[in-house]
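Within every chain, numbering begins at 1; the chains are lettered A, B, ... in the order of the sequence lines, protein sequences first and strands thereafter.
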Number of protein chains: 2
Amino acid sequence: MADPKERVQSIIQKLKGSGHKITPQRLAIAKILADSKGHPSVEAIYDQISGDFPTMSLATVYRNILLLKSLGEVLELGFPDGSNRYDGNRPIPHPHVICIQCGKIVDPDLESLEEMKAEVANDTRFTILAHRLDFFGICHQCQAGEK
Amino acid sequence: MADPKERVQSIIQKLKGSGHKITPQRLAIAKILADSKGHPSVEAIYDQISGDFPTMSLATVYRNILLLKSLGEVLELGFPDGSNRYDGNRPIPHPHVICIQCGKIVDPDLESLEEMKAEVANDTRFTILAHRLDFFGICHQCQAGEK
DNA sequence: TTTTCTGCAAATGCTTTGCATGGGA
DNA sequence: TCCCATGCAAAGCATTTGCAGAAAA
């Protein structure tokens, strides 16, 4: 996991470099994403910031996530039921393990994905540009007790 | 790829066995899904059937897909932008290769996924129940010409 | 001072749902 | 005949957009 502080700096650089202003709301969003504790949802980000910025709008969260995505500083984990989650700590595609009970999302260590990509490219004659790999299951805590 | 005719039969059996009626609309949807040419979207299914059933409703397509999903006869490939696709030919989770230009979806041959699943389970202490693996890229036709 | 950003509310677009009618078995 | 299924329209929801005022730089 990358150092959250460094990630925030990197994001700020990208923003400035592309002619964007650093507003307090934007910075707050960037900080949460750089940390990406548990891969937050839009709601989670919004709720967390609402304490400091009572007038904060959901639209602002959406707009900034969109911006950071376009700058390649945030990875979107989109789900069809609208429960999207975000990772600004490791913005490059990587596998995720998702607890279908408590919603926790964990990054596993996996090596063999690159060779798999090569195999697929060779097999299908596609030029592979990106990928998405999710495992769904029950985490250890949820198996143990109701918590 | 499974034989579409056998798949239709299998789906019909599941429907009857669970006390559901075989209506013309339902049968038409089942046939298209059993074939799953290019992994159709709801719209694609709807459009294809509209010719034979001018009064066909989108709601009916949605309701039947929901039903077939609950019976385990259809695999849903959900995308956050609402461009969901369906596979009633191979309803068990398997990798997909998606052309981001023309939308084509192909099933590659991949073996190493099972061991990867075991690795993840061991690594994270999750009980893995399902997975989703998509590769995104440009297909051979789209690379060649505009088509 | 200029240009971008924010907040609010209205608009979107896919999917689901309520209800009355219609059609399998 | 008895229910389940369909069609239509309205409702839901996450996300996007238009606009006017606020605030970076």
Side-chain angles (χ1 to χ4, degrees), chain A residues 11-33 39-71 73-74 76-86 103, chain B residues 11-33 39-71 73-74 76-86 103:
Chain A
I11 292 172
I12 291 176
Q13 289 316 312
K14 267 280 180 65
L15 284 168
K16 287 183 175 172
S18 52
H20 292 98
K21 297 172 180 173
I22 309 299
T23 66
Q25 296 94 327
R26 180 165 286 168
L27 183 59
I29 293 167
K31 279 182 180 170
I32 292 174
L33 286 171
H39 304 72
S41 64
V42 166
E43 279 293 330
I45 296 171
Y46 173 74
D47 290 345
Q48 198 171 330
I49 300 181
S50 291
D52 301 312
F53 300 86
T55 67
M56 164 65 80
S57 159
L58 261 179
T60 296
V61 180
Y62 279 109
R63 274 190 281 235
N64 278 290
I65 286 179
L66 200 64
L67 172 61
L68 293 174
K69 270 199 298 177
S70 76
L71 295 174
E73 293 295 321
V74 159
E76 181 178 56
L77 290 180
F79 296 97
D81 68 344
S83 64
N84 293 3
R85 307 278 284 267
Y86 298 88
Chain B
I11 292 173
I12 291 176
Q13 289 317 313
K14 268 279 181 64
L15 285 168
K16 287 184 176 173
S18 53
H20 295 280
K21 297 172 181 173
I22 309 299
T23 66
Q25 296 93 328
R26 182 165 283 167
L27 183 59
I29 293 168
K31 279 182 180 170
I32 293 175
L33 286 170
H39 303 73
S41 64
V42 167
E43 278 294 324
I45 296 171
Y46 173 74
D47 289 345
Q48 198 171 330
I49 300 182
S50 290
D52 299 313
F53 299 87
T55 67
M56 163 66 80
S57 157
L58 260 179
T60 296
V61 180
Y62 278 109
R63 274 190 281 235
N64 277 291
I65 286 180
L66 200 65
L67 172 61
L68 293 175
K69 269 199 297 177
S70 76
L71 295 175
E73 293 296 320
V74 159
E76 180 177 57
L77 290 180
F79 296 97
D81 68 344
S83 64
N84 294 2
R85 307 278 284 266
Y86 298 88

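- Atom C1' of nucleotide D:dT6 and atom CG of B:L67 are separated by 14 Å, given to the nearest angstrom.
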Exercise for the section: Give the C-alpha distance, both sets of side-chain angles, the deciding distance and a yes or no for side chain to side chain contact (heavy atoms under 4.5 Å, CB included) between B:E76 and B:N84. Expected result: CA-CA 7 Å; B:E76 180 177 57; B:N84 294 2; 3.7 Å; yes
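- As a whole-Å value, the separation of B:F79 CZ from C:dG13 C1' is 18 Å.
- Put simply, the side chain of A:R26 never gets that close to the backbone of A:N64: no donor and acceptor are under 3.5 Å apart.
- Of the candidate nucleotides D:dT16, D:dG7, C:dT6, C:dT6 has the atom nearest to the side chain of A:R26.
- Between A:F53 atom CZ and C:dC5 atom P there is a gap of 16 Å when expressed in whole angstrom units.
- Ranking C:dG7, C:dT17, D:dT6 by closeness to the B:A59 side chain, first place goes to C:dT17.
- When each of A:L67, A:I11, A:L33 is tested with A:V74 by the rule side chain to side chain contact (heavy atoms under 4.5 Å, CB included), just one qualifies, namely A:L33.
- When all heavy atoms are compared, the tightest approach of B:M56 to B:Y46 is O-CE1, 3.3 Å.
- The listed nucleotides are D:dA25, C:dT15, D:dC8; the one nearest the side chain of A:K21 is D:dA25.
- Between B:I12 atom CD1 and C:dG24 atom P there is a gap of 15 Å when expressed in whole angstrom units.
- What separates OH of B:Y62 from C1' of C:dG18 is a distance of 18 Å, to the nearest Å.
- When the local axes at the two ends of the helix from C:dT1-D:dA25 to C:dA25-D:dT1 are compared, using 5 base pairs at each end, they differ in direction by 40° after rounding to 10°.
- Atom NZ of residue A:K31 and atom CD1 of residue A:I45 lie 14.5 Å apart, to the nearest 0.5 angstrom.
- Backbone-only contact: B:N84 has heavy atoms under 4.0 Å from sugar-phosphate atoms and none from a base.
- Nucleic acid contact for B:N64: sugar-phosphate only, since backbone atoms but no base atoms lie under 4.0 Å from a heavy atom of the residue.
- Residue B:T23 places no side-chain N or O under 4.0 Å from the OP1 or OP2 atom of D:dC4.
- Spacing between atom OH of A:Y46 and atom C1' of D:dA14 amounts to 14 Å, rounded to whole angstrom units.
- Counting non-hydrogen atoms under 4.0 angstrom, B:I22 reaches the backbone sugars and phosphates but no base.
- Across the protein-nucleic acid pair, B:M56 atom CE and C:dG23 atom C1' stand 14 Å apart, rounded to whole Å.
- The phosphate of D:dA5 has OP1 or OP2 within less than 4.0 Å of a side-chain N or O from B:H20.
- When distances run from any side-chain atom of A:R63 to the nucleotides D:dT16, C:dC19, C:dT6, the shortest one goes to C:dT6.
- The heavy-atom pair separating B:L68 from B:L15 by the smallest distance is CD2-CD2, 4.1 Å.
- At the phosphate of D:dG7, OP1 or OP2 sits under 4.0 Å from a side-chain N or O atom of B:Q25.
- Distance, A:L58 CG to D:dT17 C1': 15 Å, rounded to whole Å.
- Residue B:S57 places none of its side-chain N or O atoms closer than 4.0 Å to OP1 or OP2 of D:dT6.
- Listed for the A:R85 side chain is no donor-acceptor partner under 3.5 Å among the backbone atoms of A:L77.
- Side-chain atoms of A:S57 come within 3.5 Å of backbone atoms of A:A59 as a donor-acceptor pair (strictly under, hydrogens ignored).
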